[in-house]
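Structure record follows, encoded as structure tokens.
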There are 2 protein chains.
Amino acid sequence: MATDMEELQADNDALLGAEKVFSFFRKALLDGRLKPGDRLLSERELSLSLSVSRPVLREAFRALAMLGFLDIRHGKGAYVKGPDISVLTDFLTFSLAQQPDILDDVMQARIAIECQAIRLACERAGDADLAAIGGRLTRLMDTLDDPEAGGEADYAFHLAIVEAGRSAALVTLYQAISELLKRSHTARRQLTVGVQGIRDYLVDAHREVFLSIVARDPDAAEARLREHFAIGDELRRKSMLAAYAKIGRPDS
Amino acid sequence: MATDMEELQADNDALLGAEKVFSFFRKALLDGRLKPGDRLLSERELSLSLSVSRPVLREAFRALAMLGFLDIRHGKGAYVKGPDISVLTDFLTFSLAQQPDILDDVMQARIAIECQAIRLACERAGDADLAAIGGRLTRLMDTLDDPEAGGEADYAFHLAIVEAGRSAALVTLYQAISELLKRSHTARRQLTVGVQGIRDYLVDAHREVFLSIVARDPDAAEARLREHFAIGDELRRKSMLAAYAKIGRPDS
DNA sequence: TTGACATAAGTGGTATGACCACTGTATGGC
DNA sequence: GCCATACAGTGGTCATACCACTTATGTCAA
């Protein structure tokens, strides 16, 4: 992936060991010789065929598996996997996790993606998309008292909106930050679970967002969504203040 | 990275070979024993210390290098590298490249990120950020006639806006799609280079966006930006139509 | 005949030891 | 003092052997 096409014509032995394997794999994938689901030759055969040693071939295999392009199963063989977003998710999670307050900052990415997706959803969503969002809304109402399940339902609802936008790029990015988003969701729920009137608010806010999509009004939908985020932020801040205040006093 | 924290307490030998290496590496990174720039023990020493064979350790090393966490230099050793976005970029480019029309769809992600970032920029941008954007604007005006340099200047301008938003998550995502964005930029410039009044439009549109940020008016800034995108889309469509019409006729 | 079990072949997983190629340093002669 | 060679340490590669898992095949007993 990193290197360019310079060596595409060269199946020759000028390459440095593992590069030969990567080159072979890339080419085979691009010209259709290998498709997701295909089974590769065994390590012994392939290493012979590419004239590299088995350890070298295994290094390359392991790296490809790490990147999600191969699924290696003990005793069965190595199978080609389509590009898998989970790798991207892991990598992003790990990269961003280094910084403090990332759970707050990832909220900005969430707002960005959802606000654009909801606009698209107003134009592009089909009946199935709307039904999916509605279903998640029901699920959300059923799990109001459980921070864990509630957080997941919340995430599922918003994911359905993004998917309704029918933009592969937006969905991919959203999935890429999904791990951090889920954490953020449950963390927020745990903070705000005791707030006065939170149940009614959650239901109303999400329903209004949903109805705006059904009405196919992009500006209103985005506005509702932004409002939802702003209020959520406000609630969260108050809850944190309350929590700190409680810590300060004796908790009789 | 993929697995969770269950085995964090287990330095024991319950792990499957390569996992031991990953576990060690992850732990050492998280508790600060390893920092970017550090040199790892030699393969022979480390394999002994982790009680795995050298080939297994090398497989893990190769995978980590592939992911950008290690820089392995022949004859010198293996050095820890900070997370490198370029891996993410490559992966995203490769994953999304499979689908047709991705260059159009990635525009949705771009709009999403920039529209949110410009809102943040209105609140958070410092003088240095504004100066940076201004500088890119000048550069943009100087390269109006060169599709290549012009495309890059265009990209640089918008990147400066995103950076002015001071959100690590947004910047990271933007960089992740940067490769596709750059292609998109130059492709658009090549299409619209001959359009009547395009030079004046480009300057005016970008300047207005810039001035909105300076005025610190989020709603206006986002509106200007969306308008810019919409008009760009319109221009591009017209140009494509014109190009097709020209092909239909004899090009005397 | 049919079921369950044992066996064998093929696969990935690991280990060992040796050797090559590259790098930096130390040691020798000049 | 300086340069060139030799050496030690490193990653890079290889060949071989063996272990563990999966599957299919075949065999034996009910």
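Sequence lines set the chain letters: A, B, ... in the order given, protein chains first and strands last, and positions in each chain run from 1. Only heavy atoms go into these numbers, but all of them, side chains included; no hydrogens, no water, no symmetry mates.
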Whole angstrom is fine here: how far is it from [atom1] in [X] over to [atom2] in [N]?
{"X": "A:Arg39", "N": "D:dT23", "atom1": "CZ", "atom2": "P", "answer": "11 Å"}
{"X": "A:Glu43", "N": "D:dC14", "atom1": "CD", "atom2": "P", "answer": "15 Å"}
{"X": "A:Leu40", "N": "C:dG10", "atom1": "CG", "atom2": "P", "answer": "19 Å"}
{"X": "A:Arg58", "N": "C:dG12", "atom1": "CZ", "atom2": "C1'", "answer": "6 Å"}
{"X": "A:Leu46", "N": "D:dC14", "atom1": "CG", "atom2": "P", "answer": "13 Å"}
{"X": "B:Glu59", "N": "C:dT14", "atom1": "CD", "atom2": "P", "answer": "7 Å"}
{"X": "A:Leu48", "N": "D:dA15", "atom1": "CG", "atom2": "C1'", "answer": "12 Å"}
{"X": "A:Asp71", "N": "C:dG12", "atom1": "CG", "atom2": "C1'", "answer": "12 Å"}

Residue [X], side-chain heavy atoms: nucleotide from [options] that is nearest:
{"X": "B:His74", "options": "D:dC14, C:dG12, C:dA21", "value": "C:dA21"}
{"X": "A:Arg44", "options": "D:dG11, C:dA15, C:dG13", "value": "C:dG13"}
{"X": "A:Val56", "options": "D:dC14, D:dG12, C:dG13", "value": "D:dC14"}

Any [X] side-chain nitrogen or oxygen under 4.0 Å from OP1 or OP2 of [N]:
{"X": "A:Ser53", "N": "D:dC14", "value": "yes"}
{"X": "A:Lys76", "N": "D:dT23", "value": "yes"}
{"X": "A:Arg62", "N": "C:dG12", "value": "no"}

Within the structure shown, what part of the strands sits under 4.0 Å from A:Arg73 by heavy-atom distance: base, sugar-phosphate, or nothing? sugar-phosphate
Contact class for B:Glu45 vs. all strands (heavy atom < 4.0 Å): base, sugar-phosphate, or nothing? sugar-phosphate
Could you tell me whether A:Lys76 and A:Asp71 have a side-chain N and a carboxylate O separated by less than 4.0 Å?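 Salt bridge: no.
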Under 4.0 Å between a Lys/Arg side-chain N and an Asp/Glu carboxylate O for A:Arg139 and A:Asp142? no
Counterpart residues, side chain to side chain donor-acceptor pair (under 3.5 Å), relative to B:Arg188 (two or more places apart): B:Ser184
Between the side chains of B:Gln175 and B:Ser178, does any donor sit under 3.5 Å from an acceptor?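 No donor-acceptor contact under 3.5 Å links the two side chains.
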Validation: residues 149-171 of chain B side-chain donor-acceptor distances under 3.5 Å, sequence neighbours left out:
from: B:Asp154; atom 1: OD1; to: B:His158; atom 2: NE2; distance (Å): 3.1
from: B:Asp154; atom 1: OD1; to: B:His206; atom 2: NE2; distance (Å): 3.2
from: B:Asp154; atom 1: OD2; to: B:Arg189; atom 2: NH2; distance (Å): 3.1
from: B:His158; atom 1: ND1; to: B:Arg110; atom 2: NH2; distance (Å): 3.4
from: B:His158; atom 1: ND1; to: B:Glu114; atom 2: OE1; distance (Å): 2.7
from: B:His158; atom 1: NE2; to: B:Arg110; atom 2: NH2; distance (Å): 3.2
from: B:His158; atom 1: NE2; to: B:His206; atom 2: NE2; distance (Å): 3.3
from: B:Arg166; atom 1: NE; to: B:Arg124; atom 2: O; distance (Å): 3.4
from: B:Arg166; atom 1: NE; to: B:Asp129; atom 2: OD2; distance (Å): 3.1
from: B:Arg166; atom 1: NH2; to: B:Asp129; atom 2: OD2; distance (Å): 2.9
from: B:Ser167; atom 1: OG; to: A:Asp105; atom 2: OD1; distance (Å): 2.9
from: B:Ser167; atom 1: OG; to: A:Asp105; atom 2: OD2; distance (Å): 3.2
from: B:Ser167; atom 1: OG; to: B:Leu170; atom 2: N; distance (Å): 3.3

Closest-nucleotide ordering on DNA chain D, the 5'-leading residue of A:Gly75 and B:Arg54: B:Arg54
